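Only heavy atoms go into these numbers, but all of them, side chains included; no hydrogens, no water, no symmetry mates. Predicted, not measured: the structure shown is a model, and the values here were computed from it.
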Amino acid sequence: MPLKLDAKYLKEFVTAREYRAILPQLNAAHAALHQRTGEGNDFLGWLQLPQQVDGEELRRVKAAAQKICANSQVLIVVGIGGSYLGARAAIELLCSPNYNLLPHPGRPQIFFAGNSLNATALNEILDLCEGRDVSVNMISKSGTTTEPGIAFRLLREYLVERYGDQGARERIYCTTDAAKGKLRELALQEGYETFVIPDDVGGRYSVLTPVGLLPMACAGIDIDQVLQGARDAMEAYMSPDLLENDCYHYAVLRNLLARKGKCIELLVSYEPAFTMMGEWFKQLFGESEGKDGKGIFPATATFSTDLHSMGQFIQQGSRNLFETVVNIRQPQRDRMIPREEGDFDGLNFLSGQPLSQVNSQAMLGTILAHTQGDVPNIVLNVDKMDAYEYGWMVYFFEKACAISGYLLGVNPFDQPGVEQYKQNMFALLGKPGYEQQRQALQNQLQLM
């Protein structure tokens, strides 16, 4: 399989008895997911999504990508959370973290907006658009989420000023609900091309819908291969047998370690291009599991870089974490280490070796050090990283997250806690209907 779990570093941390004890809970979680009897079962559209992609919708995604590539040097993707993290992770992982700095003939630069309320960030994107043709992909089920909503309002104004009403219509693409919501209403009114976020797919599970597929296609990523990887992963991870199903094995290990007090998971990669994939992972697991006073806190690190900042804490700090190491075996590009006359840096013993070999040995040395320091390490070996493997990995983590959430005893498909900050923000900003809450918050602030 393209992704293989290695649990050999966990022999001192997880016993056969513990595996046996959790099996009935795993079987129950599997049944709840596949029989659609568990909490949140109205948001399981992602489960069969790779096999149920609308062929006509996919054709329109590809046609829109071709149009954007033909008439725009810049694509601005507007969205927050699951509306942008998966696509950005794919572009950085499969193309480059420096995608916008490298030449891509016939492909637009791709910037992401609407994921913060920072004015400087948006103004800088607009500065970078100077003298170039621009298209915008607005992604939101409702169209009323504050951060992307404000960004889209400003970007629409920008496009209308540059191209006029009709010209702007040709450059705005809305990925939204099929039938309802303010963005859907606006798109119908203005004649924007639209793509559908299925009703039964939550934002953090939506990367394999047009939410992620359109930006990926614009970057030149083979979205057919992305979907094929996800389809094959879906079939591979159907059995609840831990010996056959690395996806379930991973979910079980996370929970067994959490029950031993290892309540922080550090997702580690030795590839800088994986960094945004870690951000996608954090949202997927953090929003799915962190509720009801429960959850495994998702954190990320890029090694060996972060060994020079977090390595000391990981080795000898609080013993409440474990690591999941994503080991991409074949780098996209490699380079041999030269021999230096005089050996001024003492590194001639490495001359003639590929840099990937040094990186690999750094990984093994770190895993051994951390396990000796009472930090369990799960290793996910990935042969290489291309569109197929990306699709496979996305499905692996999505299904593992669902099973893990059921093992924790939470609904992995809702996010009720996210609304509290929004309500407070609306009240403080003076949104109509929030007057009473605004007064209560102002009184609270005065007492602080």
Strictly below 4.0 Å, N to O, side chains only: are E193 and R60 in salt-bridge contact? yes

Could you give me the CA-CA distance, side-chain angles and deciding distance for D334 and S356, then say whether side chain to side chain donor-acceptor pair (under 3.5 Å) is met? CA-CA 6 Å; D334 212 340; S356 61; 2.4 Å; yes

Is the closest side-chain donor-acceptor distance between Y192 and R156 under 3.5 Å? yes

Output for pair (I125 CD1, L155 CG), nearest 0.5 Å, gives 7.5 Å

With no hydrogens and no angle check, just 3.5 Å: does a side-chain donor-acceptor pair link T176 and S140? no

Mind checking the NE2-CD spacing from H370 to Q316? Nearest 0.5 Å is all I need. 10.0 Å

Are the side chain of N98 and the backbone N or O of L101 linked by a donor-acceptor pair below 3.5 Å? no

Of W280, F413, F43, the residue whose pairing with Y205 passes ring pair (Phe, Tyr, Trp, His ring centres under 6.0 Å): F413

Between R59 and D54 (salt bridge meaning N to carboxylate O under 4.0 Å), is one present in this structure? no

Worked check of side chain to side chain donor-acceptor pair (under 3.5 Å) between E289 and S404: CA-CA 8 Å; E289 292 187 332; S404 183; 2.6 Å; yes

Straight-line distance of T145 OG1 to F152 CZ, nearest 0.5 Å: 13.0 Å

Hey, does L10 have a side-chain heavy atom less than 4.5 Å from the side chain of L253? yes

Under a 3.5 Å distance rule, please check whether K291 uses its side chain to pair with a backbone N or O of E287 as donor and acceptor. yes

Taking everything shown except K260 itself, do over 12 heavy atoms lie less than 6.0 Å from its NZ? yes

Return the CD to CE distance between E147 and M425, rounded to the nearest 0.5 Å. 5.5 Å

Could you check whether any side-chain N or O of N245 sits under 3.5 Å from a backbone N or O of D241, counting only pairs where one atom can act as donor and the other as acceptor? no

Salt bridge flag under 4.0 Å for residues R259 and E18: no

K62 bridged to D224 by N-O distance under 4.0 Å: yes

Given the rule in the side-chain contact (heavy atoms from CB on, under 4.5 Å) test, do E340 and L347 qualify, once you have shown the distances and angles that lead to the verdict? CA-CA 8 Å; E340 178 70 34; L347 296 176; over 6 Å; no

Counting distance only, does the side-chain N/O of Q109 pair as donor-acceptor with the main-chain N or O of N100 below 3.5 Å? yes

Run the side chain to side chain donor-acceptor pair (under 3.5 Å) test on E235 and Q51 for me, step by step, so that the C-alpha distance in whole Å, both residues' side-chain angles and the decisive distance to 0.1 Å come before the verdict. CA-CA 10 Å; E235 294 175 2; Q51 286 187 343; 3.1 Å; yes

Would you say that V394 contacts M277 through its side chain, given a criterion of any heavy-atom pair below 4.5 Å between the two side chains? yes

Chi angles and distances behind the side-chain contact (heavy atoms from CB on, under 4.5 Å) call for F303, V325: CA-CA 10 Å; F303 289 168; V325 180; over 6 Å; no

Between D232 and Y388, does a side chain to side chain donor-acceptor pair (under 3.5 Å) hold up when you go through it step by step? CA-CA 9 Å; D232 290 350; Y388 179 87; 2.5 Å; yes

With distance as the sole criterion, is a donor-acceptor pair present between the side chains of E323 and N377 under 3.5 Å? yes

Q52 CD: over 12 foreign heavy atoms closer than 6.0 Å: yes

Is the closest side-chain heavy-atom distance between Q25 and Y406 below 4.5 Å? no

Do Y173 and V136 have side chains that approach each other closer than 4.5 Å (heavy atoms only, starting at C-beta)? no

I need the minimum non-hydrogen distance between V201 and S206, along with the two atoms involved. CG1-CA, 3.8 Å

Assess the residue pair V379 and L5 against the criterion (side-chain contact (heavy atoms from CB on, under 4.5 Å)); give the C-alpha distance rounded to whole Å, side-chain angles, the decisive distance to 0.1 Å, and a yes or no. CA-CA 6 Å; V379 178; L5 186 146; over 6 Å; no

Lys/Arg-Asp/Glu bridge criterion (N-O < 4.0 Å) met for K294, D292: no

With a 4.0 Å cut-off on N to O distance, would you call D374 and R319 a salt bridge? no

On the 0 to 90° scale, with breaks at 30° and 60°, tag the F112-Y84 ring pair as parallel, tilted or perpendicular. tilted

So, Q357 versus Q353: side-chain donor-acceptor pair below 3.5 Å or not? no

Ring geometry between Y237 and F396 (parallel below 30°, tilted from 30 to 60°, perpendicular above 60°): perpendicular

Checking the side chain of R231 only, and the main-chain atoms of P50 only, is there a donor and an acceptor separated by less than 3.5 Å? yes

Backbone N/O of L355 and side chain of N359: donor-acceptor pair under 3.5 Å: no

Look up atom CG in L85 and atom CZ in R88, then write down how far apart they are to the nearest 0.5 Å. 8.5 Å

Test F322 against every option in I264, T371, L266, I296 by the side-chain contact (heavy atoms from CB on, under 4.5 Å) rule and name the one that passes. I296

Determine whether more than 12 heavy atoms belonging to other residues, nucleotides or ligands lie under 6.0 Å from atom NZ of K422. yes

Would you confirm whether K262, through its side chain, and V375, through its main-chain N or O, come within 3.5 Å as a donor-acceptor pair? no

Close side-chain approach of L256 to F13, heavy-atom, < 4.5 Å: no

Using the ring of each side chain (for Trp, its six-membered ring), is W46 parallel, tilted or perpendicular to Y395, with breaks at 30° and 60°? tilted

Decide salt bridge (charged side-chain N to carboxylate O under 4.0 Å, His left out) for K141 and D199; before the verdict, give the C-alpha distance in whole Å, the side-chain angles of both, and the deciding distance to 0.1 Å. CA-CA 9 Å; K141 266 195 174 181; D199 285 342; 5.1 Å; no

Once rounded to the nearest 0.5 Å, what's the spacing between atom CG of L93 and atom OH of Y390? 8.0 Å

Pair S142-D177, side-chain donor/acceptor within less than 3.5 Å: no

Judged by modelled atom types alone, do N327 and N381 share a side-chain donor-acceptor pair under 3.5 Å? yes

Can a donor-acceptor pair be found between the side chains of H104 and Y99 at a distance below 3.5 Å? no

Just checking E56: does its CD atom have more than 12 heavy atoms from other residues, nucleotides or ligands closer to it than 6.0 angstrom? yes

